[in-house]
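Predicted model only: the values in this text are computed from it and were never measured. Order of appearance sets the numbers: ligands from 1, and atoms from 1 within every ligand.
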Amino acid sequence: MQNFNYYNPTRVLFGRGMISKLPRLLTQDQKILVAYGGGSIKQNGVYDQVMSALEGFTVVEFGGIEANPQYQTCMRAVDLVRQEKINFLLSVGGGSVLDAIKFIAAAVHFKGEEPWDILARNAGITSALPLGCVLTLPATGSESNSNAVISRAETGEKLAFSSKHVFPAFAVLDPTTTFSLPERQITNGVVDAFVHVMEQYLTYDVNAPLQDRFAESILQTLIEQGPLAIRTPQDYDVRANIMWAATMALNTLIGQGVPQDWTTHQIGHELTALQGIDHARTLAIIFPAVMKHQRQFKGDKIVRYGRRVWGIIEPERERAIDLTIAKTIEFFRQMGAPTCLADVSLTPQDVWQAVAAHEKRGSRLGEGQRIGPKEIGEILLLAA
Ligand code: NZQ
Ligand code: ZN
């Protein structure tokens with residue numbers, strides 16, 4: 001096992017009715033920005049629950065944060081926060097609203113010239129406004145991690161940053177808030193969480209059996225509960241299991257002490273920036289191609305995953321790898337996700353700029369830094 005330094009300060013309040021506990025998590029001297037997205041929280045009653053819990057608190061609202069949150073929108077919120085002297089940010093919605101809030105929290109305190117540098121130049125963050133969230137879409141794990149991903153339409157970029165200063169102080173996870181999710185978002189959430197686990201698991205063995213089994217148990221839970229959420233959408237326990245699995249998938253616990261490979265996410269972000277494809281759908285398209293491309297290096301782990309998660313007992317190694325990749329694709333399809341570029345009416349040529357965009361950034365991807373622009377091109381061809 002590799003050395004690690006694990007830190008996760010987010011308090012999680014989980015279960016039905018937990019939104020009513022918000023007053024215990026806040027103090028009266030806080031001036032709170034309640035931020036939300038395009039309006040789903042007004043239709044499903046979450047907005048009313050939050051506002052009634054916050055009665056007596058000083059609240060300012062900021063709505064209209066888009067899916068794949070935009071830099072410009074965040075900067076409008078930064079102005080509002082400064083103008084209104086807000087000192088606590090509350091995200092009510094999915095990963096996009098929460099990521100925006102994390103960026104806003106950092107940007108308000110940022111001393112440099114252009115807050116975009118937090119994303120584009122890894123500019124250091126020494127503090128941020130405190131923040132919390134009421135999560136309505138289990139997917140990203142953002143509710144209990146220190147990452148955020150922000151897009152900039154005018155440059156076609158979608159970039160991530162991470163800072164210990166933007167961990168949510170608390171996350172309220174009430175599975176009943178997810179009953180109103182359209183099927184597409186249930187699919188997206190399950191696939192996103194699944195690939196988060198995979199990118200912390202599918203590398204090479206470092207004799208870390210606990211991390212492996214944590215990861216495998218989350219995968220098995222998603223494989224079991226994901227289709228149930230589509231079939232029986234009003235089942236509370238199913239929603240609760242998916243919500244907790246998605247948090248556990250990316251609260252960074254399972255990735256401690258093990259190598260990681262975020263190739264699929266890196267390429268996926270380029271596809272969202274270029275073509276606006278939902279985040280999770282890019283992952284369902286790219287991840288199988290990464291497995292195929294890297295099978296020579298990831299083979300041992302693919303075989304273990306196939307055996308323990310899918311029950312594949314095929315003794316011949318290459319055949320076992322093929323069967324395991326096929327099972328993974330079948331699961332994404334069962335969930336209703338596209339699994340190749342053709343499924344979203346694109347060709348590798350349509351997304352070729354992803355290679356150039358990556359070349360510009362100059363980093364190499366994968367647990368062994370084996371993946372550069374040439375390999376990304378090959379992966380896109382495998383994803384055709
Ligand atoms: O905007 P509203 O009206 O709220 O509608 C949203 C949005 O249209 C809707 N929605 C959310 N909760 C709902 C609901 N509709 C009905 N009922 C509910 N309960 O769902 C749509 C998608 O929401 P969004 O927040 O964009 O989805 P998600 O949570 O999947 O977040 C995706 C973003 O997170 C980033 C992605 O790149 C993408 O920008 N990620 C963040 C990560 C992190 N911070 O650690 C890691 C991930 O890998 C990911 O990259
Ligand atoms: Zn993701």
Side-chain angles (χ1 to χ4, degrees), residues 10 19 35-47 49-50 62-71 73-74 91-103 119 131 133-152 157-163 166-168 171 173-200 229 233 239 242-243 246-247 249-252 255 260 262-273 276-284 286-287 337:
T10 301
I19 293 174
Y36 50 90
S40 70
I41 64 160
K42 294 208 166 154
Q43 278 148 28
N44 61 12
V46 172
Y47 174 86
Q49 285 185 61
V50 169
F62 185 84
I65 295 173
E66 52 285 271
N68 305 310
Q70 288 291 328
Y71 178 59
T73 309
C74 293
S91 161
V92 186
S96 289
V97 178
L98 180 49
D99 281 9
I101 282 303
K102 289 177 175 178
F103 179 73
L119 298 142
L131 61 109
C133 73
V134 174
L135 190 79
T136 63
L137 199 175
T140 60
S142 188
E143 64 276 14
S144 179
N145 72 34
S146 57
N147 310 328
V149 193
I150 304 295
S151 299
R152 195 169 188 179
E157 289 169 291
K158 182 172 187 188
L159 302 175
F161 82 100
S162 184
S163 163
V166 299
F167 269 109
L173 310 185
D174 177 344
T176 66
T177 65
T178 73
F179 282 146
S180 58
L181 283 171
E183 193 173 306
R184 181 188 184 98
Q185 297 301 341
I186 299 174
T187 297
N188 284 355
V190 169
V191 169
D192 193 20
F194 193 92
V195 177
H196 292 159
V197 176
M198 280 305 209
E199 295 203 289
Q200 298 164 88
R239 296 307 182 116
I242 289 179
M243 201 165 207
T247 300
L250 198 51
N251 64 3
T252 74
Q260 305 188 11
W262 291 91
T263 300
T264 298
H265 267 72
Q266 298 282 351
I267 302 175
H269 288 335
E270 306 290 5
L271 300 194
T272 301
I277 309 168
D278 293 2
H279 170 64
R281 289 173 181 250
T282 68
L283 308 178
I286 297 298
F287 182 64

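The salt bridge (Lys or Arg N to Asp or Glu O under 4.0 Å) test applied to Arg239 returns no partner, not counting sequence neighbours. Remark: Thr10 pairs with no residue by the side chain to side chain donor-acceptor pair (under 3.5 Å) rule, at least two apart or across chains.
Ser180 and Gln43 form no side-chain donor-acceptor contact under 3.5 Å, judged by distance and modelled atom types alone.
In terms of heavy atoms, Ala35 sits closest to Ile101 at CB-CD1, 3.4 Å. Looking at every heavy atom in both residues, Ala284 comes nearest to Val191 through CB-CG1, 4.0 Å. Considering every non-hydrogen atom in both Lys102 and Phe161, the closest pair reads O-CZ, 3.9 Å.
The contact shell of ligand 1, taken as protein residues with any non-hydrogen atom closer than 4.0 angstrom, comprises Gly37, Gly38, Gly39, Ser40, Asn44, Ala67, Asn68, Pro69, Gly94, Gly95, Ser96, Asp99, Thr136, Leu137, Ala139, Thr140, Ser142, Asn145, Asn147, Ala148, Val149, Lys158, Thr177, Ser180, Leu181, Pro182, Gln185, Asp192, His196, Leu250, His265, His269, His279.
Considering CG of Asp278 and CG of Asn68, their distance stands at 7.5 Å, rounded to 0.5 Å.
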(request) Could you please spell out the steps behind the side-chain hydrogen bond (donor to acceptor under 3.5 Å, both in side chains) verdict for Thr252 and Asn145? (result) CA-CA 7 Å; Thr252 74; Asn145 72 34; over 6 Å; no
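Only protein N, O or S atoms were considered, and those under 2.8 Å from the Zn ion (ligand 2) are Asp192 OD1, His196 NE2, His265 NE2, His279 NE2.
For the side chain to side chain contact (heavy atoms under 4.5 Å, CB included) with Glu143, the qualifying choice from Asn251, Val134, Leu173, Leu250 is Leu173, the only one to do so.
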